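Start at 1 and go down the list; that is how both ligands and their atoms are numbered. On a predicted model such as this, the values are computed, not experimentally measured, just so you know.
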Amino acid sequence: MALLEGRVAVVSGGGGDIGGGIARRFAAEGAAIAVCDVSLEKAEIVASDIRAAGGRALAIAVDVSKPEQCEAAAARTVAEFGKITTLVNASATVSPDGNVEKIALSDWQRALDVNFTGTFLMCKYVMGHIREAGGGGAVVNIASSHGHFGLPGRSAYCSTKAAIMHFTRVLAIDYGPHNIRANTISPGPIDTERSLRRYGSRENSNRVRGVGQVLGRTGTVEEVAAAAAFLASDEAAFITGTDLLVDGGQTSFKGSSLERYSS
Ligand SMILES: NC(=O)c1ccc[n+]([C@@H]2O[C@H](COP(=O)([O-])OP(=O)(O)OC[C@H]3O[C@@H](n4cnc5c(N)ncnc54)[C@H](O)[C@@H]3O)[C@@H](O)[C@H]2O)c1
């Protein structure tokens, strides 16, 4: 039997690379998907791919920093698919770069609003539906290896990712009595359109972020989606309140390059 047969998943940032990869994998595992994204166009591409592959999917325009839009997305998912059992938060916005003197308050606030408060708001309006569905449920919030260690000039991004992990631990505590599990995934360097924009090309992304790492390469969207499918499924029935690093060992290694240590 497929891992997520009978589940209904809301995936925020579902039009993006990692969110889209998770939505596609969950659908392949039997779940119906509400693909939520601030870009309806991107959400619609993922939803129509899923439908074309024989799955069930609905695209919904949601800005996760807007409470009324999060609430409406949850209600629409229930109206369409009858329930919600699973939530994935994968939305994120471009975070400002620079030290605290250079970051504008408005840019800092926007990063917090989308990356962190957006995760809170989606949980706020979805958790009640998951509880009502009964039979357990699961939340997978996407953090980052940069929530475990810092990066120069990226205080907003790194802080929101660390905050998501701690928020999720408390969510797990609050909903454990309802048999609803909550975990984070911390991806390391994953090749996506966003990293392509940041690093210019896949080769450069791999050179900057992959070479010298433990596995010597960047990761794929599919590798993150596989971890998410596991955490959302009954295979992970006794796993809650934890973070799963999908980072090719990046966080385990404190050096900048393995090369100089190799024998
Ligand atoms: N790519 C990586 O290497 C990497 C590494 C670690 C963590 N992550 C995390 O994975 C997640 C997905 O990242 P990605 O690389 O796929 O990026 P992405 O840009 O492809 O996906 C992010 C999605 O969020 C959507 N979004 C932005 N603002 C929104 C808002 N206000 N409301 C709703 N949706 C909004 C975007 O439209 C986009 O589709 C993010 O949380 C990111 O921080 C990525």
Decide whether the shortest distance between a heavy atom of Lys66 and an atom of ligand 1 is less than 4.0 Å. no

Examine ligand 1 and decide if any of its atoms is less than 4.0 Å from a heavy atom belonging to Gly15. yes

Nearest non-hydrogen contact to atom 34 (N) of ligand 1 from the set Asp17, Val38, Ile164 belongs to Val38

Answer yes or no for His146: is there a heavy-atom contact with ligand 1 below 4.0 Å? no

When you look at Arg7 and Asp234, which way does the salt bridge (charged side-chain N to carboxylate O under 4.0 Å, His left out) test go after all the steps? CA-CA 11 Å; Arg7 310 289 168 91; Asp234 290 343; 3.2 Å; yes

Thr93 N/O to ligand 1 N/O under 3.5 Å: no

Which of the atoms in ligand 1, numbered in the order shown and given with their element, are less than 4.0 Å from a heavy-atom of Arg110? 31 (N)

Over 12 foreign heavy atoms within 6.0 Å of CD, Glu41: no

Whether Glu193 lies under 4.0 Å from ligand 1, heavy atom: no

Which one of Arg209, Arg197, Arg194 has a non-hydrogen atom at the shortest distance from atom 42 (C) of ligand 1? Arg194

Out of Ile142, Thr192, Val114, indicate the one that has the non-hydrogen atom closest to atom 9 (C) of ligand 1. Ile142

Of the backbone atoms (N, CA, C, O) and the side-chain heavy atoms from C-beta on, which set of Ser186 has a member under 4.0 Å from an atom of ligand 1: side chain, backbone, both, or neither? neither

Please list, in number order, the atoms of ligand 1 under 4.0 Å from a heavy atom of Lys42. 36 (C), 37 (O), 38 (C), 39 (O)

Which atoms of ligand 1 sit under 4.0 Å from any heavy atom of Gly188? 3 (O), 5 (C), 6 (C)

Taking NZ, NE, NH1 and NH2 as the nitrogens, is one of them in Glu44 or Arg51 under 4.0 Å from a carboxylate oxygen of the other? yes

Counting from 1 in the order shown, the ligand 1 atoms closer than 4.0 Å to a non-hydrogen atom of Tyr157 are 6 (C), 7 (C), 8 (N), 9 (C), 42 (C), 43 (O)

Minimum heavy-atom distance Pro187-Ile18, with the two atoms named: CG-CD1, 4.5 Å

At under 4.0 Å between heavy atoms, which part of Ile190 makes contact with ligand 1: side chain, backbone, both or neither? both

Closest approach of Ala34 to Thr77 (non-hydrogen atoms, all atoms of both residues): CB-OG1, 3.3 Å

So, Arg198 and Asp97, do they make that salt bridge, N to O below 4.0 Å? yes

contact_flag Ser12 ligand 1 heavy-atom lt 4.0 Å: no

Can you tell which part of Asp191 has a heavy atom less than 4.0 Å from ligand 1: side chain, backbone, both or neither? neither

Does a side chain donor of either His148 or Asp247 reach within less than 3.5 Å of an acceptor in the other side chain? no

Taking a cutoff of less than 4.0 Å between a non-hydrogen atom of the residue and any ligand atom, is Ala143 in contact with ligand 1? yes

Element-labelled atoms of ligand 1 that are located less than 4.0 Å from some non-hydrogen atom of Ser144: 6 (C), 7 (C)

Give a yes or no on this: more than 12 heavy atoms of other residues, nucleotides or ligands lie within 6.0 Å of atom NE2 of His166. no

Is Ser195 touching ligand 1 with its side chain, its backbone, both, or neither, if touching means heavy atoms under 4.0 Å apart? neither

Using a strict cut-off of 4.0 Å, indicate which atoms of ligand 1 neighbour a heavy atom of Asp63. 30 (C), 31 (N), 32 (N)

Would Asn141 and Thr184 count as having a side-chain donor-acceptor pair, cut-off 3.5 Å? no

Within the 4.0 Å heavy-atom shell around Gly16, which atoms of ligand 1 are there? 20 (O), 21 (O), 38 (C), 39 (O)

Under a 3.5 Å cutoff, is there a donor and acceptor pairing between the side chains of Ser65 and Arg110? yes

